There are 2 protein chains.
Amino acid sequence: MALVSGRRPARKRRNQYHHGDLRRALVQEAVQTIDRDGVAGLTLRQVGERLGVSRTALYRHFADKSALLAAVGLEGFRAFRAAMMAVGSDGFEAMGRAYVAFARTHPAHYRVMFGGFLEGCRSEPELETEAKASFQLLVDALAGLQARGLLRDDDAEQMARFVWAIVHGIAMLAIDGQLGAHDPMIDVEYAIGRLATGLARPTPIARSATPL
Amino acid sequence: MALVSGRRPARKRRNQYHHGDLRRALVQEAVQTIDRDGVAGLTLRQVGERLGVSRTALYRHFADKSALLAAVGLEGFRAFRAAMMAVGSDGFEAMGRAYVAFARTHPAHYRVMFGGFLEGCRSEPELETEAKASFQLLVDALAGLQARGLLRDDDAEQMARFVWAIVHGIAMLAIDGQLGAHDPMIDVEYAIGRLATGLARPTPIARSATPL
DNA sequence: ACCTGAACACCGTTCAAGT
DNA sequence: ACCTGAACACCGTTCAAGT
């Protein structure tokens with residue numbers, strides 16, 4: 001559950017009425033609520049009540065509800081990038097698996113990050129920065145594979161958008177329940193297999209094939 | 001704008017206070033509101049007010065807000081399926097283009113259909129039926145290509161989920177503004193090119209290639 | 001600094017009452 | 001049948017007041 005970067009020790013500050021770190025508690029409670037009730041089910045009053053705090057205490061830490069959502073998104077992006085970096089960038093197989101796994105493990109974060117709920121948060125530059133950095137991770141990984149001659153020489157950003165669309169599509173369908181009982185990891189494995197064929201550097205012979 | 005199947009002529013019914021077809025007007029107004037303000041910005045009171053009708057008039061036609069949303073989704077699925085059938089099922093190129101084009105032309109419908117807002121509508125069997133039928137369209141198209149020897153012999157449903165994830169991913173990223181000014185149709189064309197390589201029936205020679 | 005309760009303008013939904 | 005206004009329990013947000 002420790003999603004934030006753990007630089008600050010668990011030492012509680014004094015001179016506070018109810019919490020050592022209300023800000024963090026608010027974000028955490030928001031995430032739990034979204035996991036349970038969806039973004040639409042998130043109410044600031046309930047969050048406060050659940051934390052044993054007045055319903056306006058939140059405004060000491062966040063300008064409004066969308067700022068709280070932005071904090072959830074930012075935390076999500078940081079955890080997401082950490083998870084991606086943890087698997088390394090040798091092949092996109094592991095990244096693809098890690099991507100969908102993250103969405104399933106943190107559906108609330110994922111939905112806030114990529115579900116269009118951050119529209120009113122254009123004022124948060126950190127969000128944009130973090131999102132761009134996550135995407136760049138994928139671009140770099142693909143460029144690395146290209147440099148080793150393993151991938152076609154297409155524009156790396158174009159390839160990245162393609163791969164991103166696939167894992168994003170699988171992830172969204174999975175956490176929205178569109179896949180029913182079907183295991184999304186099967187789709188990830190299938191996609192990896194098809195991408196190996198479709199994105200591999202074309203050999204002279206394969207290039208001459210007229211597939212469709 | 002005529003999204004519903006046009007079987008009923010525009011003849012207005014009598015003996016009504018304000019509308020010939022309040023139900024349809026409500027759905028239409030809801031769609032416009034969602035297009036403008038997002039699903040979160042949809043309020044029943046505003047819809048009624050905009051239609052010059054009491055704020056509770058809606059309950060004569062819909063059990064609650066989620067039922068109105070379900071109606072929007074159903075209308076979307078019907079229009080979606082019609083658009084898919086219109087392009088034929090000869091190749092998935094045209095279907096892919098039509099898919100993303102639909103999402104961009106009807107972002108409100110698309111978001112309601114696939115954005116996880118229909119969770120509370122399990123009681124609407126028509127929704128499930130329509131969603132399944134849309135998916136089946138893709139499965140059938142792929143199976144047809146398989147029968148003509150143009151596609152790999154993988155499970156057609158597995159291939160369909162793969163293709164669906166791709167176009168869904170592109171569509172969501174596009175209507176969520178994640179692509180910035182980038183034209184999503186470029187991604188569709190790129191995806192089509194890569195899929196032609198990745199989903200084509202493997203020739204004996206291509207099969208022996210070790211791409212990644 | 002951080003927290004509080006009262007207050008305001010909203011919202012979905014119910015219901016008795018009207019035509 | 002279809003529509004209405006009053007009412008209820010919610011919601012986000014503001015603000016003067018407390019420690």
Side-chain angles (χ1 to χ4, degrees), chain A residues 8 11-30 32-34 36-73 112 117-121 123-124, chain B residues 8 11-30 32-34 36-73 112 117-121 123-124:
Chain A
R8 193 160 46 60
R11 155 170 42 94
K12 286 198 177 190
R13 279 179 285 164
R14 299 293 155 75
N15 297 351
Q16 296 203 187
Y17 293 359
H18 290 91
H19 272 88
D21 195 345
L22 180 57
R23 189 182 199 284
R24 177 183 297 204
L26 287 164
V27 173
Q28 194 173 290
E29 185 62 43
Q32 282 174 21
T33 306
I34 296 170
R36 207 178 39 244
D37 307 327
V39 181
L42 175 70
T43 79
L44 303 187
R45 288 161 110 104
Q46 255 191 77
V47 167
E49 197 173 336
R50 203 116 48 188
L51 256 35
V53 122
S54 141
R55 41 188 193 265
T56 60
L58 176 142
Y59 291 92
R60 286 297 117 194
H61 300 277
F62 300 103
D64 52 21
K65 191 177 184 178
S66 91
L68 174 61
L69 238 31
V72 171
V112 172
F117 296 101
L118 263 24
E119 288 299 304
C121 308
S123 49
E124 317 273 344
Chain B
R8 194 162 44 62
R11 157 169 39 96
K12 289 197 176 190
R13 279 181 284 163
R14 296 297 154 75
N15 298 350
Q16 297 201 190
Y17 292 1
H18 291 90
H19 273 87
D21 194 344
L22 180 57
R23 191 183 199 282
R24 175 183 299 203
L26 287 164
V27 174
Q28 193 172 291
E29 186 62 43
Q32 282 173 22
T33 304
I34 296 170
R36 207 178 39 243
D37 308 325
V39 180
L42 176 70
T43 79
L44 302 187
R45 288 162 110 105
Q46 256 191 75
V47 166
E49 198 172 335
R50 203 115 49 188
L51 257 35
V53 125
S54 143
R55 39 189 195 265
T56 60
L58 176 144
Y59 291 91
R60 285 296 118 194
H61 299 278
F62 300 102
D64 52 21
K65 191 177 182 177
S66 90
L68 174 61
L69 238 31
V72 170
V112 171
F117 297 99
L118 264 23
E119 289 299 302
C121 308
S123 49
E124 317 271 345

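So you know, we letter chains A, B, ... as the sequences are listed, proteins then strands, and number each from 1. In what follows, every heavy atom counts, from backbone to side chain, and hydrogens, waters and symmetry copies are set aside. Since the structure is predicted, the reported quantities are computational estimates derived from the model, not experimental observations.
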**Study point:** Secondary-structure stems for DNA chain D, with pairs counted as Watson-Crick or G-U when both distances are under 3.5 Å and runs at least 3 long
**Key:** C:4-8 with D:12-16, C:12-16 with D:4-8
Point to revise | Shortest non-hydrogen contact between B:Ala71 and B:Val27, atoms and distance | key: CB-CG2, 3.9 Å
Exercise for review: Indicate the atoms forming the closest heavy-atom contact of A:Ala57 with A:Leu22, along with that distance.
Suggested key: CB-CD2, 4.1 Å
Check your understanding: Just to confirm, is there a sub-4.0 Å distance from OP1 or OP2 of D:dC11 to any side-chain nitrogen or oxygen of A:Gln46?
Key -> yes
**Study point:** Any B:His61 side-chain nitrogen or oxygen under 4.0 Å from OP1 or OP2 of D:dC3
**Key:** yes
Practice item. Check whether any side-chain nitrogen or oxygen of B:Thr43 sits under 4.0 Å from OP1 or OP2 of C:dC11, and answer yes or no. Key: yes
Exercise for review: For A:Ala57 and for A:Arg45, find the nucleotide of DNA chain C with the closest heavy atom, then tell me which residue's nucleotide is more 5'.
Suggested key: A:Ala57
Exercise for review: Take A:Ile34 and A:Leu69, measure what side chain to side chain contact (heavy atoms under 4.5 Å, CB included) needs, and give me the verdict at the end.
Suggested key: CA-CA 10 Å; A:Ile34 296 170; A:Leu69 238 31; 4.1 Å; yes
Review point. With sugar-phosphate meaning primed atoms plus P, OP1 and OP2, does B:Leu58 contact a base, only sugar-phosphate, or nothing at under 4.0 Å between heavy atoms?
Key: nothing
Check your understanding: Just by modelled atom types, is the B:Thr43 backbone N or O under 3.5 Å from a matching donor or acceptor in the B:Lys65 side chain?
Key -> no
Review point. How far apart are the C-alpha atoms of B:Phe117 and A:Val39, what are their side-chain angles, what is the distance that settles it, and do they pass the side chain to side chain contact (heavy atoms under 4.5 Å, CB included) test?
Key: CA-CA 10 Å; B:Phe117 297 99; A:Val39 181; over 6 Å; no
Check your understanding: Hey, does A:Leu42 reach any base, or is it just sugar-phosphate, or nothing, if we go heavy atoms under 4.0 Å?
Key -> sugar-phosphate
**Study point:** Base D:dG5 to side chain B:Thr56, donor-acceptor N/O within 3.5 Å cut-off
**Key:** yes
Review point. Any idea which heavy atoms bring A:Leu44 and A:Leu68 closest together, and the distance?
Key: CD2-CD2, 3.8 Å
